Protein chains: 2
Amino acid sequence: MDSSELKRAGLKATLPRLKILEFLETSKVRHMSAEDVYKALLESGEEVGLATVYRVLTQFEAAGLVVRHHFEGGQSVFELEQGKHHDHILCVRCGRVDEFVDETIEERQKKIAKEKGYAMTDHSLYIYGVCGDCQKNG
Amino acid sequence: MDSSELKRAGLKATLPRLKILEFLETSKVRHMSAEDVYKALLESGEEVGLATVYRVLTQFEAAGLVVRHHFEGGQSVFELEQGKHHDHILCVRCGRVDEFVDETIEERQKKIAKEKGYAMTDHSLYIYGVCGDCQKNG
DNA sequence: AATAAGAATGAGAACTCTTCTCATTTTCGT
DNA sequence: ACGAAAATGAGAAGAGTTCTCATTCTTATT
Ligand SMILES: [Mn+2]
Ligand SMILES: [Mn+2]
Ligand SMILES: [Zn+2]
Ligand SMILES: [Zn+2]
């Protein structure tokens with residue numbers, strides 16, 4: 001276990017934080033709810049409290065290690081920060097999540113904010129639809 | 001009170017539904033949570049249950065009379081359907097909401113969905129920032 | 001390596017938003 | 001006006017998340 005990332009983020013290297021970070025880094029699934037992380041850790045025999053998972057993910061977000069999304073469905077979804085901003089397209093049938101970047105959209109958003117007199121701080125764009133697999137099998 | 005809109009939507013013209021619809025149509029604020037609607041009706045002396053407000057707004061949404069948004073902050077926000085799709089830019093300081101339409105963004109989204117193999121059903125785009133007033137006074 | 005001060009954890013309570021349950025009331029076609 | 005079917009409202013319940021606080025862990029210092 002590598003505690004340097006946590007140290008760098010100004011967080012003490014506690015076991016729960018290390019476990020959660022390691023899990024996020026090694027999981028094949030990129031986008032996960034707090035509950036997902038909690039259950040996965042339990043199943044792999046780790047002892048962590050759900051409250052701690054929520055707390056740690058929120059701290060990771062504040063430290064810029066993780067990004068939080070508000071997909072439809074009520075739960076917050078987290079993913080490891082990758083340095084590069086991107087948006088999401090989600091399957092309403094199977095929950096699949098794909099990522100994309102579109103510079104034209106990014107530029108247009110800035111333009112709209114300026115026109116409306118806003119100092120833009122952030123934006124969120126979700127496209128919903130039925131993925132290729134679900135179109136075939138559905 | 002005009003019950004024709006409700007009838008047209010296939011809903012019985014009950015008092016709560018009429019009151020809620022009338023309120024949505026006459027309110028100066030376009031974007032409101034269920035709680036907002038509930039409180040406003042109480043203050044104007046109407047007797048409605050909160051459960052009914054939630055139920056009715058959900059029915060209005062299903063009937064296409066109303067659109068539901070998921071702004072940050074946890075609550076669903078509703079607005080009367082205007083026929084024309086639009087997106088939103090919100091002030092993170094004062095909660096102000098402005099609307100916009102950008103055909104370029106709309107087109108790009110369709111293109112992205114197609115490229116990714118999705119049959120697009122919907123999308124949501126929120127731009128966050130600090131509005132003009134809040135930049136001056138904040 | 002032992003110590004001690006402060007920080008973090010975990011169990012469960014609590015909170016917010018929303019939906020459900022079900023007894024009572026209302027609507028509307030006859 | 002009558003009665004079947006639908007809608008309402010109060011409160012319970014549910015989902016997701018945060019809070020509380022006694023206990024445990026981390027880390028800087030001896
Ligand atoms: Mn992503
Ligand atoms: Mn709007
Ligand atoms: Zn799918
Ligand atoms: Zn503002």
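Remember, it's a predicted structure, so these values are computed and weren't measured experimentally. Residue numbers begin at 1 in each chain, while the letters A, B, ... track the order of the sequences.
- Distance alone, capped at 3.5 Å, places no donor-acceptor pair between the Glu99(A) side chain and the Ile89(A) backbone.
- The nucleotide whose nearest atom lies closest to any side-chain atom of Thr58(A) is, among dT18(D), dT21(C), dT26(D), dT18(D).
- Using a 4.0 Å cut-off, some side-chain N or O of Ser76(A) falls inside it from OP1 or OP2 of dT17(D).
- With rounding to the nearest 0.5 angstrom, the NZ atom of Lys39(B) is 13.5 Å from the CE atom of Met32(B).
- Picking from dT26(D), dT17(D), dC17(C) the nucleotide with the shortest atom distance to the side chain of Thr14(A) gives dT26(D).
- The minimum heavy-atom distance linking Val67(A) with Glu81(A) is given by the pair CG2-OE1, 3.1 Å.
- Residues from residues 32-41 of chain B that place a heavy atom under 4.0 Å from any atom of DNA chain C: there are none.
- Listed nucleotides: dT17(D), dT19(C), dT9(C). Nearest to the side chain of Leu50(A): dT17(D).
- When rounded to the nearest whole Å, the span between CG of Leu15(B) and P of dC28(C) equals 10 Å.
- Taking every side-chain heavy atom of Arg55(B) into account, dT8(D) is the closest of dA8(C), dT19(C), dT8(D).
- Picking from dT17(D), dT9(C), dC19(D) the nucleotide with the shortest atom distance to the side chain of Pro16(A) gives dT9(C).
- Minimum atom distance to the side chain of Gln75(A) is reached by dG16(D), of the listed dG16(D), dG9(D), dA6(D).
- For the pair Lys19(A) NZ and dA8(C) C1', the computed distance is 15 Å after rounding to whole Å.
- Each of Ala13(B) and Ala51(B) has a nearest nucleotide on DNA chain C; the 5'-most of these lies closest to Ala51(B).
- The aromatic rings of His86(A) and His69(A) are tilted relative to each other, their planes meeting at an angle between 30° and 60°.
- Minimum atom distance to the side chain of Lys12(A) is reached by dT27(D), of the listed dT27(D), dT27(C), dC17(C).
- Here dT8(D) presents its P atom at 10 Å from CG of Leu6(B), a figure rounded to the nearest Å.
- Distances from the side chain of Tyr54(A) to the nucleotides dT18(D), dT8(D), dT9(C) place dT18(D) closest.
- Applying the ring pair (Phe, Tyr, Trp, His ring centres under 6.0 Å) definition to pairs two or more places apart or across chains, those involving residues 18-47 of chain A are His31(A)-His88(A).
- The Lys7(A) side chain lies nearest to dT27(D) when the options are dT27(D), dG9(D), dT17(D).
- Taking CG from Leu21(B) and CG from Leu6(B), the interatomic distance works out to 5.5 Å, rounded to the nearest 0.5 Å.
- Side chains of Glu106(A) and His123(A): a donor on one and an acceptor on the other come within 3.5 Å.
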